[in-house]
Amino acid sequence: QVQLVESGGGLVHPGGSLRLSCTASGRIFSTSAMAWFRQVSGKERELVAAVTRSADRTYHADSVKGRFTIARDNAKNSLFLQMNSLKPEDTAVYYCAAKMTSDGSAWYHLQSSYDYWGQGTQVTVSS
(Lines give C-alpha, C1' and ligand atoms only; values in the text may rest on other atoms or scores of the structure.)
Protein backbone atom coordinates (compact mmCIF):
# COMPACT_ATOMS: atom_id res chain seq x y z
CA GLN A 1 0.00 0.00 0.00
CA VAL A 2 1.52 3.26 -1.12
CA GLN A 3 1.24 5.99 1.41
CA LEU A 4 2.16 9.62 1.18
CA VAL A 5 2.49 11.32 4.54
CA GLU A 6 2.79 15.09 4.82
CA SER A 7 4.18 16.98 7.79
CA GLY A 8 5.34 20.47 8.67
CA GLY A 9 2.12 22.43 8.54
CA GLY A 10 1.02 24.79 11.27
CA LEU A 11 0.22 28.36 12.22
CA VAL A 12 2.63 31.10 11.16
CA HIS A 13 2.55 34.88 11.07
CA PRO A 14 2.54 36.73 7.76
CA GLY A 15 6.07 36.96 6.43
CA GLY A 16 7.09 33.78 8.19
CA SER A 17 8.33 30.48 6.80
CA LEU A 18 7.37 26.83 6.91
CA ARG A 19 8.85 23.72 5.35
CA LEU A 20 6.49 20.98 4.33
CA SER A 21 7.72 17.42 3.95
CA CYS A 22 6.18 14.40 2.30
CA THR A 23 7.52 10.89 2.64
CA ALA A 24 6.47 7.99 0.47
CA SER A 25 6.42 4.29 1.13
CA GLY A 26 7.41 1.67 -1.37
CA ARG A 27 9.27 2.18 -4.60
CA ILE A 28 6.65 4.52 -6.02
CA PHE A 29 8.45 7.72 -5.12
CA SER A 30 11.49 7.10 -7.30
CA THR A 31 9.30 6.38 -10.34
CA SER A 32 6.94 9.30 -9.88
CA ALA A 33 6.69 12.94 -10.73
CA MET A 34 5.65 14.75 -7.56
CA ALA A 35 3.64 17.82 -6.73
CA TRP A 36 2.14 19.95 -4.00
CA PHE A 37 -1.47 21.05 -4.31
CA ARG A 38 -3.49 23.18 -1.92
CA GLN A 39 -7.16 23.59 -1.26
CA VAL A 40 -9.23 26.16 0.53
CA SER A 41 -12.61 25.01 1.79
CA GLY A 42 -15.22 25.54 -0.89
CA LYS A 43 -12.68 26.03 -3.67
CA GLU A 44 -11.02 23.74 -6.15
CA ARG A 45 -7.70 22.15 -5.38
CA GLU A 46 -4.90 24.04 -7.14
CA LEU A 47 -1.40 23.10 -8.18
CA VAL A 48 1.24 24.93 -6.18
CA ALA A 49 4.45 23.33 -7.43
CA ALA A 50 5.62 20.25 -9.27
CA VAL A 51 8.92 18.45 -9.87
CA THR A 52 9.88 15.83 -12.41
CA ARG A 53 10.94 12.33 -11.46
CA SER A 54 14.56 13.13 -12.26
CA ALA A 55 14.31 16.54 -10.54
CA ASP A 56 15.60 18.23 -13.69
CA ARG A 57 12.59 20.52 -14.00
CA THR A 58 10.30 22.27 -11.57
CA TYR A 59 7.12 24.30 -11.85
CA HIS A 60 5.83 26.91 -9.44
CA ALA A 61 2.49 28.66 -9.72
CA ASP A 62 2.70 32.39 -10.35
CA SER A 63 1.12 33.05 -6.96
CA VAL A 64 4.04 31.42 -5.14
CA LYS A 65 6.92 31.98 -7.56
CA GLY A 66 9.91 33.49 -5.78
CA ARG A 67 8.52 32.55 -2.35
CA PHE A 68 8.07 28.76 -2.47
CA THR A 69 10.55 26.14 -3.62
CA ILE A 70 9.83 22.50 -4.35
CA ALA A 71 12.57 19.92 -3.99
CA ARG A 72 12.90 16.16 -3.74
CA ASP A 73 15.40 13.71 -2.27
CA ASN A 74 15.03 10.41 -4.11
CA ALA A 75 17.44 8.65 -1.76
CA LYS A 76 15.12 9.41 1.15
CA ASN A 77 11.81 9.08 -0.74
CA SER A 78 11.02 12.61 0.36
CA LEU A 79 9.44 15.69 -1.17
CA PHE A 80 9.73 19.18 0.29
CA LEU A 81 8.10 22.56 -0.08
CA GLN A 82 9.99 25.47 1.40
CA MET A 83 7.55 28.33 1.91
CA ASN A 84 8.92 31.78 2.65
CA SER A 85 7.29 35.20 2.92
CA LEU A 86 3.97 33.55 3.68
CA LYS A 87 0.77 35.50 3.14
CA PRO A 88 -2.71 35.03 4.60
CA GLU A 89 -3.89 33.92 1.17
CA ASP A 90 -1.53 30.94 1.39
CA THR A 91 -3.77 29.52 4.10
CA ALA A 92 -5.01 26.13 2.90
CA VAL A 93 -4.69 22.41 3.30
CA TYR A 94 -1.59 21.31 1.41
CA TYR A 95 -1.48 17.92 -0.30
CA CYS A 96 1.41 15.89 -1.62
CA ALA A 97 0.71 13.94 -4.83
CA ALA A 98 2.55 11.34 -6.91
CA LYS A 99 2.19 10.52 -10.59
CA MET A 100 3.89 7.34 -11.77
CA THR A 101 5.63 7.98 -15.07
CA SER A 102 8.32 6.59 -17.34
CA ASP A 103 9.18 10.12 -18.45
CA GLY A 104 11.85 11.43 -16.15
CA SER A 105 11.43 15.00 -17.36
CA ALA A 106 7.66 15.42 -17.27
CA TRP A 107 5.57 17.21 -14.71
CA TYR A 108 1.80 17.22 -14.58
CA HIS A 109 -0.62 20.08 -14.09
CA LEU A 110 -3.97 18.36 -13.61
CA GLN A 111 -4.88 16.83 -10.26
CA SER A 112 -6.68 14.06 -12.16
CA SER A 113 -3.30 12.96 -13.52
CA TYR A 114 -1.98 12.01 -10.10
CA ASP A 115 -2.19 8.47 -8.82
CA TYR A 116 -1.54 8.86 -5.09
CA TRP A 117 -2.36 11.52 -2.53
CA GLY A 118 -1.45 12.29 1.04
CA GLN A 119 -3.97 13.14 3.72
CA GLY A 120 -3.08 16.83 3.72
CA THR A 121 -1.52 19.21 6.23
CA GLN A 122 -3.07 22.50 7.34
CA VAL A 123 -1.14 25.71 6.82
CA THR A 124 -2.59 28.81 8.46
CA VAL A 125 -1.05 32.22 7.96
CA SER A 126 -2.49 34.73 10.38
CA SER A 127 -1.44 37.48 12.72
Distance, nearest 0.5 Å, that separates CG of D73 from OG of S78: 6.0 Å
Pairwise salt bridge (charged side-chain N to carboxylate O under 4.0 Å, His left out) hits with a residue in residues 42-59, at least two apart: R38-E46
Qualifying salt bridge (charged side-chain N to carboxylate O under 4.0 Å, His left out) pairs with a residue from residues 98-123, counting only residues at least two apart or across chains: none
Exercise: identify the closest heavy-atom pair between R72 and T52: NH1-O, 2.9 Å
From CE (M34) to CD1 (I28), nearest 0.5 Å: 10.5 Å
Residue pairs passing the ring-ring contact (aromatic ring centres under 6.0 Å, His included) test where at least one lies in residues 71-92, sequence neighbours excluded: none
Side chain to side chain donor-acceptor pair (under 3.5 Å) between Q122 and T124, worked out: CA-CA 6 Å; Q122 177 70 45; T124 302; 3.3 Å; yes
ILVMFWY cluster, V48 and I70 together (side-chain gap under 4.5 Å): yes
Donor-acceptor pair, side chain of Q119 and main chain of V5, under 3.5 angstrom: no
Derivation of the side chain to side chain contact (heavy atoms under 4.5 Å, CB included) call for C96 and W36: CA-CA 5 Å; C96 169; W36 288 100; 3.9 Å; yes
Shortest non-hydrogen contact from L81 toward A49: CD1-CB, 4.2 Å
Between side-chain atoms of residues 11-24 and protein atoms elsewhere (two or more places apart, or another chain), which donor-acceptor pairs fall under 3.5 Å?
residue, atom, partner, partner atom, Å
H13, ND1, S126, O, 3.2
S17, OG, N84, OD1, 2.9

From F68 atom CZ to T58 atom OG1, the distance as rounded to the nearest 0.5 Å: 14.5 Å
Heavy-atom pair of closest approach, residues A106 and A33: O-CB, 3.6 Å
Under the side chain to side chain donor-acceptor pair (under 3.5 Å) test, residues paired with K65 that sit two or more places apart: D62
Closest non-hydrogen atom pair, V123 against G9: CG2-CA, 4.1 Å
CA sep, side-chain torsions, deciding dist, call: T121, V93, side chain to side chain contact (heavy atoms under 4.5 Å, CB included): CA-CA 5 Å; T121 186; V93 178; 6.0 Å; no
Transitive ILVMFWY side-chain link L79 to Y108, under 4.5 Å: no
hydrophobic_cluster_shared for Y94 and V64, side chain cutoff 4.5 Å: yes
Distance (rounded to the nearest 0.5 Å) between M100 CE and T31 OG1: 4.0 Å
By ring pair (Phe, Tyr, Trp, His ring centres under 6.0 Å) - contacts of Y114 (at least two apart): F37
Side-chain donor-acceptor contact under 3.5 Å, T91 with E89: no
Ring geometry between H109 and Y59 (parallel below 30°, tilted from 30 to 60°, perpendicular above 60°): perpendicular
Verdict with supporting geometry, F29 and K76, side chain to side chain contact (heavy atoms under 4.5 Å, CB included): CA-CA 9 Å; F29 185 85; K76 297 182 179 180; over 6 Å; no
